Protein chains: 8
Amino acid sequence: MSDATTPLVAIIMGSKNDWDTMKRAAGVLDDFGVPNEARVLSAHRTPGELTAYLNEKEAQGVEVFIGGAGGAAHLPGVIAAQTVRPVLGVPIESQSLKGLDSLLSIVQMPSGIPVGTLAIGAAGASNAALMAVAILANSRPDLREKIVAYRKERADKILSESLE
Amino acid sequence: MSDATTPLVAIIMGSKNDWDTMKRAAGVLDDFGVPNEARVLSAHRTPGELTAYLNEKEAQGVEVFIGGAGGAAHLPGVIAAQTVRPVLGVPIESQSLKGLDSLLSIVQMPSGIPVGTLAIGAAGASNAALMAVAILANSRPDLREKIVAYRKERADKILSESLE
Amino acid sequence: MSDATTPLVAIIMGSKNDWDTMKRAAGVLDDFGVPNEARVLSAHRTPGELTAYLNEKEAQGVEVFIGGAGGAAHLPGVIAAQTVRPVLGVPIESQSLKGLDSLLSIVQMPSGIPVGTLAIGAAGASNAALMAVAILANSRPDLREKIVAYRKERADKILSESLE
Amino acid sequence: MSDATTPLVAIIMGSKNDWDTMKRAAGVLDDFGVPNEARVLSAHRTPGELTAYLNEKEAQGVEVFIGGAGGAAHLPGVIAAQTVRPVLGVPIESQSLKGLDSLLSIVQMPSGIPVGTLAIGAAGASNAALMAVAILANSRPDLREKIVAYRKERADKILSESLE
Amino acid sequence: MSDATTPLVAIIMGSKNDWDTMKRAAGVLDDFGVPNEARVLSAHRTPGELTAYLNEKEAQGVEVFIGGAGGAAHLPGVIAAQTVRPVLGVPIESQSLKGLDSLLSIVQMPSGIPVGTLAIGAAGASNAALMAVAILANSRPDLREKIVAYRKERADKILSESLE
Amino acid sequence: MSDATTPLVAIIMGSKNDWDTMKRAAGVLDDFGVPNEARVLSAHRTPGELTAYLNEKEAQGVEVFIGGAGGAAHLPGVIAAQTVRPVLGVPIESQSLKGLDSLLSIVQMPSGIPVGTLAIGAAGASNAALMAVAILANSRPDLREKIVAYRKERADKILSESLE
Amino acid sequence: MSDATTPLVAIIMGSKNDWDTMKRAAGVLDDFGVPNEARVLSAHRTPGELTAYLNEKEAQGVEVFIGGAGGAAHLPGVIAAQTVRPVLGVPIESQSLKGLDSLLSIVQMPSGIPVGTLAIGAAGASNAALMAVAILANSRPDLREKIVAYRKERADKILSESLE
Amino acid sequence: MSDATTPLVAIIMGSKNDWDTMKRAAGVLDDFGVPNEARVLSAHRTPGELTAYLNEKEAQGVEVFIGGAGGAAHLPGVIAAQTVRPVLGVPIESQSLKGLDSLLSIVQMPSGIPVGTLAIGAAGASNAALMAVAILANSRPDLREKIVAYRKERADKILSESLE
């Protein structure tokens, strides 16, 4: 979790157990130098505090919210219902159904309240951060260049790998 | 929709389209003489009004809430997060995934906030009403006798049916 | 398993192996001071004893039955067919299909015989107990206050957690 | 439905609506000259009558029971729990989940109580009858020859078909 | 694997790896004193030898064939295409799809060639043997009494179990 | 399809048949006054033209790309591989698997190349447009106010609906 | 169905009903001028005739076999077990499970006997033919040029389409 | 990975992690003496290098391309879009959805661009190689004899196995 004072991205998860997945989002944002903060707040168990937090962060200037949740993963949708900022959702792999439940609960939002959904688990968490960076980069050209560099670095790594 | 002044059961659905399914719940409650009312309120599109409605109905003495929703069906869980009364969930059949998404979004609730989930679609809606009647009947023996009679009538109907 | 003499909730499971999951239901009921008992009885292997047990417990004043079962999980439905008290179902995670079979076998009950279904596995077991408490609380206001306190305690725990 | 006085095969279904599928089983049995009868009896709505019927038919000499059911399709398993005669199960196509729920509810029986499960829908119904004939044919060589003839006839039909 | 000279039941599996599951079928048959034999023969890799084996065993008087297979589990269906004796199928749990592929490949047989399908994995293997015993018992009343005794023993075991 | 000369959002679909779904995205963007254009370009059948189009549009200042595709829906991922602008994906309902294939093919992107995925079908298409508006609104406060107004209008519509 | 005397591709389907899908394969082969023939032969109902046909066609010089089947779709695998020529499989959309059963039954072949599987339904049938053409084209450069031209024509058609 | 100078088969995978599965394809090709090479190239992360590699290999005379990928497995389809040589796809088992996502993303290709898809995981990788050998063998009779010998060897191994 980044310790930035004025975050641009807020990462929210329904349970402390989700941090093992969601810390990858924070890590990617840190790598890009994007101020962010992470918080455990549950759509079901702390709905009032979630609302208060969303209002506070929107007022502070958060531009993207990332919600990670598993099972009947309502958190990203409940965030999206309370902010007009872009909301990204990360389905956490669940115990029995392996995140298929999380995925459907996040992505199948009704018309009117969108959640941009990423892949189940760790890949989804880091991609949520990259998507947030791409959104922020629309008005921050330096960030866009960092994405280009990041992609080139990843591509070079793949190209340099040997199968032996 | 019943027109009772002091409802014991409140039926909430996320979209007017869900009424085609949920009216079966109202119909069963009416058949049992249980005061009930139905309302369209969305967890995502009218979250504030939903909260206000839940508070008002809980204060009025509603003993069971029934939520029907499709797709990323957050409504029953969001109701359950805001009341300590029993909450029943009805997964509405969705366009593409036929209610499997609705079912998983309703039933896979995290530990702490239960939703008693019924079958997808019309059978689930009428069963939600029967479950509500059974819950109410715990302190209303006359209702329990009505359930016994209802079941006997249904059994007799099955037994009297001919396959020719 | 609680050792109460006049149980309000009876927990039934199809196999001793299911106790590892279902003991969470008993634990929650114990925490709330709700008299309960647990028993292994199979819808398929001991149908006669199951019927006898249900009749005995209904006569004793059990107000909620909880059935836990895996695979072709018929137990909750078979219980519901033989009592007019509210029946809750807990899908136990199965070996191959991870509880998807258990869930569908419990939740997709036909119109007329409802089973209020909870999540697959441990979360479902503890939530079945919480749902039972909420049902009992309809005529026991002190229990309702315990639910409020329980939820506040859980919320406080989430809010006090640090991600570091 | 065949009108035989001493049936060798009993076809049971949970709802009159299932007859549209299950009549194919009766038709195949009729074609093979196997005495059979069909009855609507529900594992959930008429459990007592179901038990009485099974006892009566087993005493009369029924050698194979066929159960057809949809959704949380408990009927074949509940039959199998109450007879030691072979039980075959036909998953009826359900409204929302298209019989996947019916199939899993029938086939995933726990160790100890087998149900020989056929395909979802009409093909399963006619195959349940053919399977019953094959079981009966173990001690009735003339039936076995009828199966051979039946298969030859079907094969000839396929081979004579033209794609134009 | 039983060492009977004139088997009544033949157990066939597509790979030696399947024996870990299918030996439960052989064990149950041995417990019931039913002569049986097990063989590894693949519908895809040894189709000719499979045909020869089926012909030989049918001539020897095998009354039930049990096929166990995983993945695109064609073995039970290919057996059923070549014998008019009853054929039972056991879906073996597969590596990736956990036997859902095996189940569908076995149970969804077209009209005309039935396979009585049991549960995925070990429960299915022992139930296939119990189903075979029930089929044999139609003309062997002593076996039927053994099933009654077996079920009573299993029920007594469940009833004697303590949850402490 | 909007006729804007300098589009901010480009909508791409793999087949003309997808327009029936994707035109809802264009309609929402038109309603918000967001310049957009739609084009049929296939990741598989016209890969070169797709690349050329993406390069041209990125140079023109398109800030969000929306890709709609069905089946093995590679289009959104292939777009995302070739631009650093935010890419949204809409799974089109497919003939046999009803869009589950489309959804998984779009959302399960590997780490490094994110696609923000919306719901299957029409709801997903209109939500992709709303998500695009939210992204654009991060640097266009007037658009943010339009979202607030749009949501209020939708909420008022729900609240004014009668179930009679 | 083409009327070629020495076919290079043989299309086999398990039921005449499958022709509605599989005729698309024949049509594409005809368009490419590839001699082909189609036949209804069932892995289950006419296994002997299937073997005879495969031997005859392999001797005649057929270079690719295409098998189309639905449900427990064993046909392509059974073909592959009896020829060393490349075998392609087309999952036919089934009544209840919409071809998911067909797909898994065809694609999940065990190590040793491959079936190159195409998409469910009509797209799979025409792609099986295109795949067969690509295989044949490895030693027939003129066919390869036809594929290039075919693709160009299809691309041009997409590029010329207007959304108005 | 084979070290052949003029490969007939090129194996491409999206991530070095996939080599654990795909090396089985290389191993089978080596066993058959088929020159092959393997390379890590991503449809998403190195699209340009992938195109260059495909062009180079097609010019060198590669006759079959094998693509292995997991999750939103676009690689085989993206290869197929850029070559007219036969393309085979191997779904790699993914973390959460166990390769069901990989399978659907590979096999459900739209009409026009076929990918011959094999089973999920290791069996699919070795079968992709066998399928490639069968394709090459169409114009290389010695390879066809090797397949015959390989199959005989595998069959003999099965027939010689003992279950004790």
Side-chain angles (χ1 to χ4, degrees), chain F residues 1-4 7 10-27 29-30 36-53 56 66 68-75 78 92-105 120 125, chain G residues 17-18 20-22 24 28 31 68-71 73 89-108 116-131 133-134 146-164:
Chain F
M1 186 175 61
S2 163
D3 192 38
I11 302 167
I12 311 172
M13 67 212 83
S15 150
K16 193 179 171 180
N17 297 331
D18 300 338
W19 179 235
D20 193 46
T21 300
M22 297 309 293
K23 69 184 174 194
R24 294 174 188 252
L29 291 169
D30 289 349
N36 67 88
E37 71 176 34
R39 189 69 61 90
V40 179
L41 283 167
S42 165
H44 300 120
R45 291 178 285 214
T46 61
E49 289 80 1
L50 175 61
T51 298
Y53 179 75
E56 178 193 328
I66 297 176
H74 298 181
L75 180 62
V78 168
I92 305 284
E93 190 176 306
S94 52
Q95 164 69 22
S96 301
L97 299 183
K98 300 300 172 195
L100 183 64
D101 45 359
S102 325
L103 171 58
L104 297 179
S105 298
I120 301 167
Chain G
N17 297 329
D18 300 338
D20 194 46
T21 300
M22 297 309 293
R24 294 173 188 253
V28 169
D31 288 349
V90 179
I92 304 283
E93 189 176 306
S94 52
Q95 164 69 22
S96 301
L97 299 182
K98 299 298 171 197
L100 183 63
D101 45 359
S102 324
L103 170 59
L104 297 179
S105 298
I106 292 174
V107 80
Q108 287 292 79
T117 307
L118 289 305
I120 301 168
S126 58
N127 274 352
L130 288 173
M131 183 91 187
V133 173
K146 282 189 186 175
I147 302 175
V148 173
Y150 173 88
R151 290 199 177 185
K152 182 162 186 332
E153 186 186 341
R154 300 264 300 201
D156 287 347
K157 181 162 173 293
I158 288 173
L159 297 173
S160 69
E161 280 173 352
S162 160
L163 291 176
E164 299 307 338

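Computed from a predicted model, the values in this text were never measured in an experiment. Below, chain A is the first sequence line, B the second, and so on; all start at residue 1.
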Tightest non-hydrogen contact, residues G:K98 and F:L97, listed as O-CD2, 4.3 Å
Sorted by chain and residue number, the side chain to side chain donor-acceptor pair (under 3.5 Å) partners of G:S102 (sequence neighbours excluded) come out as none
Short question: side chain of F:K16, backbone of G:L163 - any donor-acceptor pair under 3.5 Å?
no
- Most heavy-atom pairs under 4.5 angstrom with chain G, which of F:M22, F:M13, F:R45?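 Ranked by heavy-atom pairs under 4.5 Å with chain G, first place is F:R45.
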Donor-acceptor list for residues 120-130 of chain G side chains, cut-off 3.5 Å, not counting sequence neighbours:
from	atom 1	to	atom 2	distance (Å)
G:S126	OG	G:A122	O	3.4
G:S126	OG	G:A123	O	3.3
G:S126	OG	H:S111	OG	3.3
G:N127	OD1	H:G112	N	2.7
G:N127	ND2	H:P110	O	2.9

Interatomic spacing from OG1 in F:T46 to NZ in G:K157 - rounded to 0.5 Å: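 Atom-to-atom, F:T46:OG1 and G:K157:NZ are 12.5 Å apart.
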Passes side-chain contact (heavy atoms from CB on, under 4.5 Å), G:L159 versus F:L41? Steps please.
CA-CA 7 Å; G:L159 297 173; F:L41 283 167; 3.6 Å; yes
Check your understanding: Is it the side chain or the backbone of F:Q95 that comes within 4.5 Å of chain G heavy atoms, both, or neither?
Key ->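 Both backbone and side chain.
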